[in-house]
Protein chains: 2
Amino acid sequence: MDTTTDPFADRDTANCSIARTLEVVGEKWTLLVLREIWYGSSRFTDLHRMLGCPRNLLAERLRKLVEHGILATEPYQEDGARSRSRYAITPKGNDLVPAVLGLLQWGDRYRADPAGPAVLTRHRGCGGSLSVQVRCEHDHHVRATDIEATPGPGFRTRTNPVTKSDQAPGQTA
Amino acid sequence: MDTTTDPFADRDTANCSIARTLEVVGEKWTLLVLREIWYGSSRFTDLHRMLGCPRNLLAERLRKLVEHGILATEPYQEDGARSRSRYAITPKGNDLVPAVLGLLQWGDRYRADPAGPAVLTRHRGCGGSLSVQVRCEHDHHVRATDIEATPGPGFRTRTNPVTKSDQAPGQTA
DNA sequence: CCTTCTGGGTTTACTTTTTATACTCAGGTG
DNA sequence: CACCTGAGTATAAAAAGTAAACCCAGAAGG
């Protein structure tokens, strides 16, 4: 590792989209709440029964997911009952599917039940089983070892809060 | 939701590959440790400096990742120094790339710096930028709303710990 | 041989999250 | 009016995370 010329060695690690995503969905239960909603639950009590998590945490997680526009509440009414609200996934929430399916795929490969995966995912209609893939814009399959990370437009170093194109290399700590 | 015929309504939610994956990599800092290693760090001190996380947590996370075969330690030696060990990602660890890139992609879309993503990922060689995609085995692009989940071979209900075709009902716990 | 330095941790005291369980509140039903 | 249900709040105890000090092995200097 050449730390003197690698711009990453001095980058501002707080400015990271992985970290920012985890700030929203990285707490315990959050991704599992979404899982249950994808699997068909939508009401507080159902989510609580399926997850077995503390009720206050469930309430808090739902609030945060709604705040961030990943879930939306919509009113519903069972007859002979007052109107209540339930939780539905939004398109922004659905954009988390590749990430979560990536976790599912890894778990299926390395940590599934001896009998096999508990859940199979299929393309509705065509019925084909799914996989999460990394592709480049020329549609090549990209293996982990063929990924190259470079500074983007929002890149910042620790010492230089904003990196513009004419930026001189910063010094190490 | 028809809870009387939906097998998912009574499924054993603990038997889930998403949950099992999160047991390994779902704790705070774990995925960020992997991020740093993908970005090029490998030594304890470098990881600690980049992440700014508590040293004991870093040690614990590294231990767990090694235990699970996601990282491996390998000895290295700078001259005039004793041999130490550093951390390298394994193929099993690299299989987490789609999931993590999924998180990155979501963060880039919804929570990036106003200037744009801090980091660009490219296909080495071809240079094309990357995307994480869900595809079916017939290579169709699959949108979140076109995903269907069905019970797989390891499927269990709460009341039936193991679901085989001929299974008699067992007791819980 | 003794002291100091460095990388790679461990210990400890403290704060924040999570957990479990009890309680509340707004309608609707008998 | 008492009671039930879904959807939460409140609260106390346990677990996880944090910050900062401490430790240890070997190399280097004196």
Side-chain angles (χ1 to χ4, degrees), chain A residues 1 3 9 13-14 19 22-37 40-67 71-88 172-173, chain B residues 1 3 9 13-14 19 22-37 40-68 71-88 173:
Chain A
M1 194 61 38
T3 48
T13 50
L22 290 174
E23 277 165 27
V24 181
V25 299
E27 289 160 307
K28 205 166 177 186
W29 298 108
T30 300
L31 255 14
L32 301 181
V33 169
L34 293 177
R35 175 195 72 187
E36 284 314 312
I37 291 178
S41 295
S42 65
R43 285 139 37 154
F44 188 91
T45 301
D46 289 342
L47 291 167
H48 179 246
R49 183 175 47 82
M50 297 308 282
L51 292 167
C53 73
R55 303 169 69 80
N56 57 344
L57 269 202
L58 177 56
E60 207 175 280
R61 296 301 183 258
L62 289 168
R63 197 171 347 187
K64 186 166 178 180
L65 287 167
V66 169
E67 249 170 43
L71 296 180
T73 52
E74 44 181 53
Y76 77 100
Q77 192 150 203
E78 273 174 357
D79 47 34
R82 76 186 143 128
S83 167
R84 302 173 190 284
S85 62
R86 67 178 159 202
Y87 299 90
T172 22
Chain B
M1 193 63 38
T3 47
T13 49
L22 289 174
E23 277 165 28
V24 181
V25 299
E27 290 161 308
K28 205 165 177 186
W29 297 109
T30 301
L31 255 16
L32 301 181
V33 168
L34 293 177
R35 176 195 72 188
E36 285 312 314
I37 290 177
S41 296
S42 66
R43 285 139 36 154
F44 188 92
T45 303
D46 289 342
L47 291 167
H48 179 246
R49 184 175 47 83
M50 297 308 282
L51 292 167
C53 72
R55 302 168 70 78
N56 56 343
L57 273 202
L58 177 56
E60 209 175 279
R61 297 301 183 257
L62 288 168
R63 196 170 341 168
K64 187 167 178 180
L65 287 167
V66 169
E67 250 170 43
H68 283 278
L71 296 180
T73 51
E74 43 181 54
Y76 77 100
Q77 192 150 202
E78 272 174 357
D79 45 33
R82 75 186 144 128
S83 166
R84 302 172 189 283
S85 62
R86 67 178 159 201
Y87 299 90

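Bear in mind that the values here come from a model prediction, so they are computed numbers and not experimental data. Below, read A as the first sequence line, B as the second, and so on, with proteins coming before strands; counting in each chain starts at 1.
- Separating the NZ atom of A:Lys64 from the C1' atom of C:dT17 is a distance of 12 Å, rounded to the nearest angstrom.
- Take the nearest nucleotide of DNA chain C for B:Phe44 and for B:Asn56: the residue whose nucleotide is more 5' is B:Phe44.
- Within the structure, every side-chain polar atom (N or O) of B:Tyr87 is placed at least 4.0 Å from both OP1 and OP2 of C:dG7.
- Comparing D:dA27, C:dT19, C:dT18 by their nearest atom to the side chain of A:Glu27 picks out C:dT18.
- At whole-Å resolution of the value, CG in A:Leu58 and P in D:dG6 are 15 Å apart.
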### Query
side chain to side chain contact (heavy atoms under 4.5 Å, CB included) between A:Lys28 and B:Glu27: does it pass, once the steps are laid out?
CA-CA 8 Å; A:Lys28 205 166 177 186; B:Glu27 290 161 308; over 6 Å; no
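- Across C:dA20, D:dG8, D:dT18, the shortest atom-to-atom separation from the side chain of B:Leu57 is found for D:dT18.
- At whole-Å resolution of the value, CD in B:Gln77 and P in C:dG7 are 14 Å apart.
- Residue-to-nucleotide contacts include no donor-acceptor pair under 3.5 Å from the side chain of B:Arg55 to the base of D:dA20.
- Under a 3.5 Å cut-off, the side chain of B:Thr13 and the backbone N or O of A:Met50 do form a donor-acceptor pair.
- With C:dT19, C:dG7, D:dG6 as the choices, the nucleotide that has an atom nearest any side-chain atom of B:Thr45 turns out to be C:dG7.
- With DNA chain C read from its 5' end, the first of the two nearest nucleotides for A:Glu60 and B:Glu78 is the one closest to B:Glu78.
- Taking side-chain N and O atoms only, B:Arg63 has a distance below 4.0 Å to OP1 or OP2 of C:dT10.
- Picking from D:dT18, D:dT9, C:dT19 the nucleotide with the shortest atom distance to the side chain of A:Ala59 gives D:dT9.
- Following rounding to the nearest Å, B:Leu47 (CG) and C:dG9 (C1') show an atom-to-atom distance of 13 Å.
- Looking at heavy-atom distances under 4.0 Å, A:Arg86 makes no contact with the nucleic acid at all.
- A sub-4.0 Å separation between OP1 or OP2 of C:dT19 and a side-chain N or O of A:Trp29 is present.
- A salt bridge between B:Glu78 and B:Arg43 is present, with a side-chain N of the basic residue lying under 4.0 Å from a carboxylate O of the acidic one.
- At a threshold of 4.5 Å between non-hydrogen side-chain atoms, the residues B:Arg86 and B:Glu74 count as touching.
- The NE2 atom of A:His48 sits 13 Å away from the P atom of C:dA22 (whole-angstrom rounding).
- Taking 4.0 angstrom as the limit, A:Lys28 places none of its side-chain polar atoms (N or O) nearer than this to OP1 or OP2 of D:dA15.
- Side chain B:Arg82 to base D:dA25: a donor-acceptor pair is found below 3.5 Å.
- Heavy atoms of A:Ser85 sit under 4.0 angstrom from primed sugar atoms or phosphate atoms, though from no base atom.
- Heavy-atom minimum distance, B:Leu47 versus B:Ser41: CD2-CB, 3.7 Å.
- Here the options are B:Leu57, B:Val24, B:Leu62, B:Val25, the test is side-chain contact (heavy atoms from CB on, under 4.5 Å), and the partner is B:Thr30; only B:Val25 passes.
- B:Leu62 places its CG atom 14 Å from the C1' atom of C:dG7, with the value rounded to the nearest Å.
- Judged by distance alone, with hydrogens and angles left aside, A:Arg84 brings no side-chain donor or acceptor close enough to the base of D:dA7 to form a pair under 3.5 Å.
- Computed from coordinates, the B:Arg49 CZ to C:dG7 P distance equals 11 Å when rounded to whole Å.
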